[in-house]
Amino acid sequence: MQSPAQIVFHGIDHSDAVEERIREKLAKLEQFHKNITSSRVVVELHHKNTSHVHKRGEPFLISVFVAVPGEDLVARSDRGKESDELKAHEDIGVALRDAFDSMERQLRDLADRRKTELKSVDQKVIAE
């Protein structure tokens, strides 16, 4: 990665263990795309209401932002989730897994798209 990862905690205390897990998952993303230029991960509580009296049971929201040449990708742990499925994100580990799995899929799709584009260009050159 060309610049250090930014890891931000909103509405919850900083956790060295969570930060270490995020850094491990970010390092794994580099297996799918070698040219990641920057990354940012935001860990926050997905508040259902404005009352801070009761936080137990509130799902975590993880947002992963990754920049590669020509693309800015975003993955969130709540994308496409129904309210019942958000209950699974009461565990920060599950929320991290879902967000990073989504980013991994996006990076794989991007790599596949670029390979297809290169093959198309190569075929045009050979045809000429």
Side-chain angles (χ1 to χ4, degrees):
M1 198 165 313
Q2 294 178 7
S3 65
Q6 294 180 326
I7 300 172
V8 181
F9 291 82
H10 285 286
I12 60 173
D13 292 332
H14 177 271
S15 166
D16 289 336
V18 171
E19 183 173 338
E20 180 61 30
R21 186 71 181 129
I22 290 169
R23 291 193 187 282
E24 290 170 3
K25 288 186 170 288
L26 286 170
K28 184 179 177 189
L29 290 179
E30 290 184 318
Q31 295 174 348
F32 305 105
H33 201 292
K34 301 286 185 214
N35 296 324
I36 295 175
T37 56
S38 67
S39 63
R40 183 170 196 252
V41 179
V42 179
V43 179
E44 60 188 319
L45 283 175
H46 185 77
H47 296 289
K48 296 176 190 168
N49 59 41
T50 57
S51 171
H52 295 294
V53 175
H54 177 69
K55 288 189 176 184
R56 199 170 101 185
E58 299 265 353
F60 289 97
L61 175 63
I62 311 295
S63 302
V64 181
F65 304 89
V66 171
V68 297
E71 298 277 342
D72 291 324
L73 306 173
V74 179
R76 291 191 172 90
S77 59
D78 71 339
R79 280 265 160 90
K81 302 288 183 192
E82 297 297 324
S83 60
D84 290 341
E85 292 173 343
L86 280 176
K87 289 180 183 175
H89 293 151
E90 291 174 6
D91 180 336
I92 195 166
V94 173
L96 283 169
R97 180 201 65 207
D98 287 353
F100 277 91
D101 284 354
S102 176
M103 181 55 70
E104 182 180 316
R105 279 190 302 276
Q106 289 184 49
L107 288 170
R108 283 183 183 185
D109 290 347
L110 178 63
D112 289 345
R113 238 183 6 252
R114 290 197 175 162
K115 283 180 187 175
T116 302
E117 290 170 4
L118 284 175
K119 285 180 183 178
S120 175
V121 170
D122 288 345
Q123 288 176 353
K124 285 181 183 178
V125 170
I126 290 171
E128 294 174 354

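In this chain, numbering begins with 1 at the start of the sequence shown. Just so it is clear, the structure is predicted and the values come from calculations on it, not from any experiment.
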Side chain [X], main chain [Y], donor-acceptor under 3.5 Å:
X: Gln106; Y: Val74; value: yes
X: Ser3; Y: Thr37; value: yes
X: Thr116; Y: Asp112; value: yes

Query raised in the report: Do you know the tightest heavy-atom contact between Ala75 and Ala99?
Result: CB-O, 3.5 Å
Query - Nearest atoms (heavy-atom pairs only) where Arg97 meets Lys25 - result: CA-NZ, 4.2 Å
Report task. Decide yes or no on side-chain contact (heavy atoms from CB on, under 4.5 Å) for Val18 and Ile12, but give the supporting numbers first. Result -> CA-CA 11 Å; Val18 171; Ile12 60 173; over 6 Å; no
Can you tell if the side chain of [X] reaches within under 4.5 Å of the side chain of [Y], non-hydrogen atoms only?
X: Lys28; Y: Gln31; result: yes
X: Val64; Y: Ile22; result: no
X: Leu107; Y: Ile36; result: yes

Report task. Verify side-chain contact (heavy atoms from CB on, under 4.5 Å) between Arg105 and Phe100, making sure each step is shown before the conclusion. Result -> CA-CA 9 Å; Arg105 279 190 302 276; Phe100 277 91; over 6 Å; no
Query raised in the report: Can you name the residues that form a side chain to side chain contact (heavy atoms under 4.5 Å, CB included) with Arg23, not counting sequence neighbours?
Result: Ala5, Ile7, Glu19
Query raised in the report: Which salt bridge (Lys or Arg N to Asp or Glu O under 4.0 Å) pairs, counting each pair once, include a residue from residues 63-74, with sequence neighbours left out?
Result: Glu71-Arg113
Query raised in the report: How many angstroms lie between atom CZ of Arg108 and atom CG of Leu29, to the nearest 0.5 angstrom?
Result: 10.5 Å
Report summary line: One should read off an interatomic distance between Met103 CE and Ser63 OG, to the nearest 0.5 angstrom, of 9.5 Å
Query - salt bridge (Lys or Arg N to Asp or Glu O under 4.0 Å) involving Arg21 - partner list, sequence neighbours excluded - result: Glu24
Requested in this report: I would like to know whether Phe60 and Leu45 meet side-chain contact (heavy atoms from CB on, under 4.5 Å); could you show each step before the answer?
Outcome: CA-CA 5 Å; Phe60 289 97; Leu45 283 175; 3.7 Å; yes
